[in-house]
Amino acid sequence: MTSTIRHYLQFKDFTASEYAYLFARAANIKAMFKQYVKYQPLVDRTLAMIFEKASTRTRVSFEAGMYQMGGSVLNITTGDSQLGRAEPIEDSARVISRMVDLVMIRTFEQAKLERFAQHSRVPVINGLTNEFHPCQILADIFTFIEHRGSIAGKVVAWVGDGNNMAASWLQAAEILGFTVHVSTPSGYEIDAAGVGISNPECFRVFKDPIEACRGAHLVTTDVWTSMGFEAENETRKQAFADWCVDNEMMAAAQPDALFMHCLPAHRGEEVTAEVIDGPQSVVWDEAENRMHVQKALMEYLLLGRIG
């Protein structure tokens, strides 16, 4: 193993300068895709995708993106691998990383992902853990930039669970210079210190979700019950009843505020149909952009800066 291997395990792994580069590369790569320009810098490179959690957008975006860039993909699930069961994670990492060029893992504990990365000879990407979801925030910010320009100095309202998405938004705010207004039900707060935030000025906490949305340039949310917490579903529905993003919350935000949701969405729970299917919603652009930013990310991890 060499010290030059870069992993992408949480949003704070990269600098503001690196993100500026990645967003510019994603825009170029997306433009080529839209113009049917063949661009295959990753010929003969192989991506291994390891899934311990179910996936739609993560699998499709990484798999399609890698194929479009000329590479190959291996899809590994816990049902057909020894990851963390009969074989220690460290040994799986040592073996798998000798046979592929890049590994994306979607799992439960961040610690498991980090153990794999510590023993991998190739870059490892976080495709989602209980603690963080950096690739989604990468796509969300790229989508905001596409529609509204720089996110620096803007306000993002997070309404709902203090989950992996909220944690990654806070990391992004600190690095990229914007503010997150966080509103969660009591008992579902985000642990800012636990996600490595050193600048308390990058976020504000609101008990009232409408006040969190006031003046926001972007309003965003997620499902009330994330994967792994299904047993709490009914309890969460009661606790989160007042945290459904609706027209009243969007009216409190800036007149041209955007709405985002990482999907899948439950209309009538965390967001009304009027909002997610309304004119301020950019959720479909957001979903597509997972592929474009991840293509830029994979290119960067394997080839460094282009040009």
Side-chain angles (χ1 to χ4, degrees), residues 11 53-61 106 127-130 132-148 151 154-173 178 180-185 188 190 206 209-210 212-213 216-230 233 236-237 239-254 256-294:
F11 201 90
K53 283 190 174 186
S55 171
T56 300
R57 278 150 294 278
T58 295
R59 178 174 178 179
V60 174
S61 59
R106 185 179 177 95
L128 177 145
T129 62
N130 288 348
F132 300 109
H133 198 359
C135 287
Q136 183 64 56
I137 303 305
L138 194 64
D140 292 2
I141 294 173
F142 177 67
T143 305
F144 185 90
I145 292 169
E146 276 191 322
H147 286 267
R148 297 288 184 265
I151 198 169
K154 300 297 196 298
V155 173
V156 174
W158 176 263
V159 177
D161 191 13
N163 62 8
N164 51 5
M165 285 286 293
S168 293
W169 269 116
L170 260 59
Q171 288 192 351
F178 60 92
V180 181
H181 287 182
V182 180
S183 182
T184 68
Y188 299 92
I190 185 168
F206 295 80
I210 293 179
C213 293
H217 301 86
L218 167 62
V219 177
T220 183
T221 188
D222 193 4
V223 296
W224 291 342
T225 306
S226 297
M227 280 179 287
F229 298 90
E230 288 82 2
N233 192 41
R236 284 174 173 259
K237 279 186 178 181
F240 283 81
D242 293 331
W243 276 261
C244 174
V245 178
D246 56 16
N247 286 334
E248 185 180 6
M249 290 188 198
M250 294 303 298
Q254 294 284 343
D256 66 344
L258 300 176
F259 172 77
M260 293 188 194
H261 189 308
C262 61
L263 306 177
H266 300 94
R267 289 165 176 80
E269 289 189 16
E270 72 274 5
V271 61
T272 64
E274 290 80 8
V275 169
I276 194 170
D277 298 319
Q280 291 172 277
S281 174
V282 291
V283 297
W284 314 121
D285 290 345
E286 178 190 4
E288 178 190 334
N289 282 337
R290 281 289 300 275
M291 183 176 74
H292 304 304
V293 296
Q294 287 163 188

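All heavy atoms count here, side chains included; hydrogens, waters and symmetry mates do not.
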Working to the nearest 0.5 angstrom, can you tell me the gap between [X] [atom1] and [Y] [atom2]?
X      : Y      : atom1 : atom2 : answer
Phe240 : Tyr188 : CZ    : OH    : 5.5 Å
Lys154 : Leu218 : NZ    : CG    : 11.5 Å
Arg290 : Thr56  : CZ    : OG1   : 10.5 Å
Glu286 : His261 : CD    : NE2   : 9.0 Å
Leu138 : Thr143 : CG    : OG1   : 9.5 Å
Phe142 : Glu288 : CZ    : CD    : 9.0 Å

Taking [X] for its side chain and [Y] for its backbone only, find out whether a donor-acceptor pair lies under 3.5 Å.
X      : Y      : result
Gln280 : Val275 : no
Ser61  : Arg57  : yes
Arg148 : Asp256 : yes
Gln171 : Phe11  : yes
His181 : Ala157 : no
Ser168 : Phe132 : no
Asn233 : Arg236 : no
Arg106 : Gly127 : yes
Asn289 : Ala139 : no

Do [X] and [Y] come within less than 4.5 Å of each other through their side chains, counting heavy atoms only?
X      : Y      : result
Asp140 : Leu258 : no
Thr272 : Cys244 : yes
Val156 : Ile151 : yes
Lys53  : Asn130 : yes
His266 : Trp224 : no

Side chains of Asp222 and His133 only: does a donor on one sit below 3.5 Å from an acceptor on the other?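 The answer is no; no qualifying pair exists.
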Where is the tightest heavy-atom contact between [X] and [Y], given as atom of each residue plus distance?
X      : Y      : value
Trp158 : Met165 : CH2-CB, 3.4 Å
Val223 : Pro264 : CG1-O, 3.1 Å
Thr184 : Gly160 : CG2-O, 2.9 Å
Val182 : Ile190 : CG1-CG2, 4.1 Å
Ala253 : Ala216 : CB-O, 3.5 Å
Cys213 : Val219 : SG-CG1, 4.0 Å

Among Thr221, Val159, Asp161, which one satisfies side chain to side chain contact (heavy atoms under 4.5 Å, CB included) with Glu270?
->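 Of Thr221, Val159, Asp161, side chain to side chain contact (heavy atoms under 4.5 Å, CB included) with Glu270 is met by Thr221 alone.
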Quick one: sort the Trp169 and Phe178 rings into parallel, tilted or perpendicular, breaks at 30° and 60°.
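Trp169 and Phe178: perpendicular rings.
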